[in-house]
Amino acid sequence: MPDCKEKSILKLASTQDVNGAEAILLSFLEEGVDTLFGYPGGAIMPFYDTLFQNSDCFRHILTRHEQGAIHAAQGYARVTRKTGVCLTTSGPGATNILTGLADAYMDSTPLVIVTGQVVSSLVGTDAFQETDILTMSMAVTKWNAQITNVRDIPAVMAKAFYIANSGRPGPVLIDFPKDVFSAKFAYSYSPCTSLKTYRPNYHPAPELVDKAARWINTAQKPLLLFGQGIVLSKAEEELKMFVERTGMPAAATLLGLSALPASHPLYVGMLGMHGNYAPNLMTGETDLVVAIGMRFDDRVTGKVDTYLKQSRIIHVDIDPTELGKNMDTDLEVEADAKSFLKSILPLLSKNEYPEWIDQFKAKLEEEKKIVIDDDVFPSKGKIQMGEVIRMVSEMTSSGTVAITDVGQHQMKVARYFPLDSPRTLVTSGGLGTMGFGLPAAVGAQLGKPNETVVLFVGDGGLQMTMQELMTITQEKIPVKIVVLNNGFLGMVRQWQEMFFESRYSSTPMQSPDFVKLAGACGVEAGKVYQREDLYDALKQMLDHDGAFLLEVMVEKEENVFPMVPPGAAVTEMILGSS
C-alpha cells in the first residue's frame with residue numbers, strides 16, 4: 001500500500017472541510033488500517049463512492065456475503081493482532097453480520113464494524129431496509145453507537161478503535177445514517193488513549209503477585225493452564241520463561257494453542273472435551289493450578305462441581321467479570337497476562353518436577369497407543385482425518401497458518417497439527433460457528449501474505465459459505481483448502497452414535513461435486529480416494545502457485561477420541577468407544 005499520509009485524502013483534511021465518508025477513511029488511516037472487508041448497498045453507497053475515489057489508499061475485499069466479510073475480518077485480526085474492519089449496508093446487510101459479531105465477541109477478536117443506515121429523518125419509521133442494529137447487536141458487541149452529527153465522527157472512531165483493541169479485545173459497531181456520509185465539517189483527529197468510564201486494569205496488585213509467587217514456589221504438583229489471553233497480550237516469550245523457570249507442566253485451551261510451542265518439553269497437551277488424556281486426568285491430582293488468560297469454559301471444566309476440588313487455583317485475567325464466574329478460585333488477579341508474567345518472573349524459584357512430569361508422559365504414551373497411532377498412522381481401511389492433517393503438518397513449515405471450520409476435523413487439527421509459532425491457528429472457539437473457516441482463511445492469508453495458509457474444512461461447513469470461493473478467485477488469494485468429506489455432519493453424528501443409539505437424524509449429507517464447483521469458481525482442484533494417492537495430491541496442492549482445493553474422501557463414521565462425555569468430570573475422560 002502507498003503511504004497515504006502523503007496522499008490527497010490527508011491533504012484534503014488540512015485544507016478544506018471533508019464529508020463524513022472522507023472522515024471515516026481518514027480515521028482508518030490514522031489507525032493504520034489499509035485492508036477492508038465488506039459488501040455495498042443502498043445506505044452505505046456514499047461511503048463506497050468515496051472509497052472508490054481513494055482506492056489507492058485501501059484494499060477492499062468484496063466478499064460474496066456479509067457473513068463472509070466479518071469472518072474474513074476476524075481471520076485477518078487473529079493472525080495480525082490488528083483490528084479488523086468490516087463494512088455493511090443497512091437492514092439485511094447489517095443483520096447478516098450478527099453471527100460474526102457473536103463469534104468475535106466470544107473469542108475476544110478486535111473488530112470495528114461500519115454499518116450504513118437509512119437517512120436520519122427516516123430512522124424509526126420502519127423505512128425500506130431499516131433495522132435497529134444497535135439494539136440487535138448490543139448483546140454481542142463490546143460497544144456500539146450511532147452517529148447523528150457528522151462532527152462526532154473523529155472522536156467516535158478513535159473511541160471505537162481504542163475500545164476494540166484494549167483490555168479484553170472485542171467487536172465494536174458504529175452505525176451511520178446515509179446523510180451523515182455526505183455532510184461536511186472541519187476534520188481533526190486525536191487518537192483515544194483512555195476513557196473515564198472504561199479503565200482496563202493491565203497491572204496486577206503487587207501483594208497478589210507476591211502471594212501467587214509464594215504458592216508457586218512451594219507447590220508439589222503444579223499445573224499451568226493457559227488460554228488466548230497469552231496471545232492477545234503478546235506474552236508468548238514471557239510464558240516460555242515462566243514455564244522454564246517454574247518447571248511446571250503447561251496445558252492449553254483450544255484458543256491458547258500456539259502460545260507455547262507444541263515441541264516444548266513442558267507442554268503436555270490441550271485441555272477440554274476432546275483434548276489430551278494427560279492434562280485432563282491430571283487435573284484431579286494437582287495441588288496448584290495457575291490459570292492465565294483463560295475463562296474456565298464448560299468444555300474445559302466438564303462437570304464443574306468436581307473440577308479441581310483438591311487444588312488451589314490462581315486465576316489471572318484482564319476481564320474482571322471472568323474471575324469467579326465459572327469457578328470458585330483461591331486467588332483472583334485482574335491483570336494483563338504479559339504484565340502479570342513480567343511482574344512474577346523475578347520472584348520465582350527455579351524448580352523441576354521430574355516425577356510429576358513423568359506421570360504426564362505415561363498418560364500421553366497410553367493415549368498414543370490407544371488413540372493417536374491409529375488416528376495418524378492407520379495401516380488399513382479408509383483414509384483418516386488425522387493422517388491427512390499430520391501429513392500436511394509434516395510437509396509445511398512452522399510458520400504455516402492452520403485454519404479450521406467447526407466439527408470433528410477442528411478437534412483433529414487441534415490435536416495433530418503441532419503449532420510452534422504464535423498466531424498460527426485460527427478457529428471458532430466459543431461460538432463454534434460452522435461456515436467460519438473459508439472466509440476466515442481469506443482474511444488470514446491477506447494478513448500473512450508470505451505464509452502458507454491451509455484451511456481444513458468439512459463437507460458440511462464448506463457448504464455454508466462456499467460462495468467465498470469466488471472471493472478467493474477475484475482477489476487472487478492463494479489459500480489451500482483441504483475438504484475432509486465424510487458425507488455426514490460428523491460431530492453431530494458421533495453424538496447420535498454414542499448417546500442416541502445411532503439414530504442419524506438429519507446428519508447424512510449430500511454434497512456437490514466440490515472439484516467441479518471449485519473449477520467453476522476458477523480454483524484449481526483435485527480429489528483423493530485412496531491412501532496411496534494422498535501424499536502426491538497434497539504435494540500438488542502445496543506446490544501450486546495459487547489457490548487449490550483438495551477433496552479427501554475420509555472414513556464416514558470416524559469418531560474423535562479421547563472424549564469427556566457430556567455431564568461427566570474431565571477425570572472420567574474415555575479413550576475410545578469400547
Side-chain angles (χ1 to χ4, degrees), residues 37 61 63-79 84 97 99-100 102-104 106-107 109 254-255 257-258 385 388-389 392-393 396 400-417 419 423-448 451-472 475 477-486 488-492 509 511-512 514 517-518 521 523 525 541 547-552 554 560:
F37 302 89
I61 306 302
T63 58
R64 295 310 186 264
H65 192 282
E66 290 88 354
Q67 184 178 352
I70 192 167
H71 288 331
Q74 288 177 267
Y76 180 87
R78 291 273 287 272
V79 300
I97 66 167
T99 296
D103 194 284
M106 291 196 73
D107 284 355
T109 305
L254 174 64
L255 296 187
L257 294 172
S258 84
M385 285 183 272
V388 180
I389 294 159
V392 173
S393 75
T396 54
T400 297
V401 181
I403 315 290
T404 84
D405 206 82
V406 170
Q408 289 180 311
H409 72 276
Q410 177 189 30
M411 295 296 99
K412 297 277 189 176
V413 169
R415 291 173 54 79
Y416 302 132
F417 198 102
L419 303 161
R423 297 190 301 279
T424 49
L425 175 68
V426 178
T427 192
S428 173
L431 198 64
T433 304
M434 287 182 66
F436 172 87
L438 185 60
V442 168
Q445 185 71 81
L446 289 165
K448 287 196 172 180
E451 297 290 352
T452 300
V453 173
V454 181
L455 166 66
F456 296 94
V457 60
D459 44 314
L462 183 58
Q463 290 185 72
M464 286 195 169
T465 51
M466 61 188 179
Q467 68 273 5
E468 302 307 334
L469 286 169
M470 278 310 307
T471 304
I472 286 172
E475 298 295 335
I477 298 169
V479 66
K480 314 303 180 189
I481 304 163
V482 179
V483 185
L484 297 166
N485 189 345
N486 58 11
F488 276 103
L489 294 175
M491 190 62 86
V492 183
M509 173 167 279
S511 296
F514 288 122
L517 175 69
C521 293
V523 175
M541 176 191 74
F548 196 103
L549 182 148
L550 180 64
E551 182 181 8
V552 184
V554 297
V560 184

Student: Apply the test side chain to side chain contact (heavy atoms under 4.5 Å, CB included) to residues M411 and M491: give CA-CA distance (whole Å), side-chain angles for both, the deciding distance (0.1 Å), then the verdict.
Tutor: CA-CA 10 Å; M411 295 296 99; M491 190 62 86; 3.9 Å; yes
Student: Can you name the closest pair of heavy atoms from F37 and A69 and give their distance?
Tutor: CB-O, 3.5 Å
Student: Okay, side chain of S258, backbone of R423: is any donor-acceptor separation there less than 3.5 Å?
Tutor: yes
Student: Does any non-hydrogen side-chain atom of L489 lie less than 4.5 Å from one of M434?
Tutor: yes
Student: How far apart are the closest heavy atoms of V479 and A441, and which atoms are they?
Tutor: CG2-CB, 3.7 Å
Student: From E475 CD over to M470 CE, what is the distance, rounded to the nearest 0.5 angstrom?
Tutor: 10.5 Å
Student: Output the distance between atom CD (Q67) and atom CD (E468), rounded to the nearest 0.5 Å.
Tutor: 9.0 Å
Student: Go through the steps for T433 and H71 under the test side chain to side chain contact (heavy atoms under 4.5 Å, CB included), then give the verdict.
Tutor: CA-CA 10 Å; T433 304; H71 288 331; 3.8 Å; yes
Student: With side chains defined as the heavy atoms from C-beta onward, is the minimum distance between V413 and L425 less than 4.5 Å?
Tutor: yes
Student: Is any side-chain heavy atom of L255 closer than 4.5 Å to a side-chain heavy atom of R78?
Tutor: yes
Student: With distance as the sole test, does T63 use its side chain to make a donor-acceptor pair with the main-chain N or O of H65 at under 3.5 Å?
Tutor: yes
Student: Can you tell me how far the NZ atom of K480 sits from the CG atom of L549, to the nearest 0.5 Å?
Tutor: 11.5 Å
Student: Might you point out which heavy atoms bring A525 and A518 nearest each other, and give the distance in Å?
Tutor: CB-CB, 3.7 Å
Student: My understanding is that only one of L455, D405, T471 makes a side-chain contact (heavy atoms from CB on, under 4.5 Å) with L438; could you say which?
Tutor: L455
Student: Do F514 and D459 have side-chain heavy atoms sitting under 4.5 Å apart?
Tutor: yes
Student: Give the minimum heavy-atom separation between A547 and I472, together with the two atoms involved.
Tutor: CB-CG2, 3.5 Å
Student: Let me see the working for V482 and V388 under side chain to side chain contact (heavy atoms under 4.5 Å, CB included), right down to the final yes or no.
Tutor: CA-CA 9 Å; V482 179; V388 180; 4.0 Å; yes
Student: Would you say that T427 contacts L257 through its side chain, given a criterion of any heavy-atom pair below 4.5 Å between the two side chains?
Tutor: no
Student: Contact between L484 and K412 at the side-chain level, heavy atoms closer than 4.5 Å - yes or no?
Tutor: no
Student: Looking only at heavy atoms, which two atoms of P512 and L517 are closest? And how far apart?
Tutor: CG-CD2, 4.5 Å
Student: Considering only heavy atoms from C-beta outward, does the side chain of I70 approach that of T99 to under 4.5 Å?
Tutor: no
Student: If we ignore angles and hydrogens, is there a donor and acceptor under 3.5 Å between the side chains of T109 and Q74?
Tutor: no
Student: Passes side chain to side chain contact (heavy atoms under 4.5 Å, CB included), F456 versus V392? Steps please.
Tutor: CA-CA 10 Å; F456 296 94; V392 173; 3.8 Å; yes
Student: Using 0.5 Å steps for rounding, measure from the CG atom of L550 to the CG atom of N485.
Tutor: 11.5 Å
Student: Does the side chain of F417 reach to within under 4.5 Å of the side chain of T424, using non-hydrogen atoms?
Tutor: no
Student: How many angstroms lie between CZ in R64 and OG1 in T465, if you round to the nearest 0.5 Å?
Tutor: 13.0 Å
Student: Do you know which two heavy atoms are closest between S393 and Y416, and how far apart they sit?
Tutor: OG-O, 4.0 Å
Student: Looking at NE2 of H409 and CG of N486, how far apart are the two atoms once the value is rounded to the nearest 0.5 Å?
Tutor: 10.0 Å
Student: Partners of Q463 by side chain to side chain donor-acceptor pair (under 3.5 Å), sequence neighbours excluded?
Tutor: S511
Student: Mind checking salt bridge (Lys or Arg N to Asp or Glu O under 4.0 Å) for E451 and listing every partner two or more places apart, or none if nothing turns up?
Tutor: none
Student: Check V454, I403, V457 against I481 for a side-chain contact (heavy atoms from CB on, under 4.5 Å) and give me the one that passes.
Tutor: V457
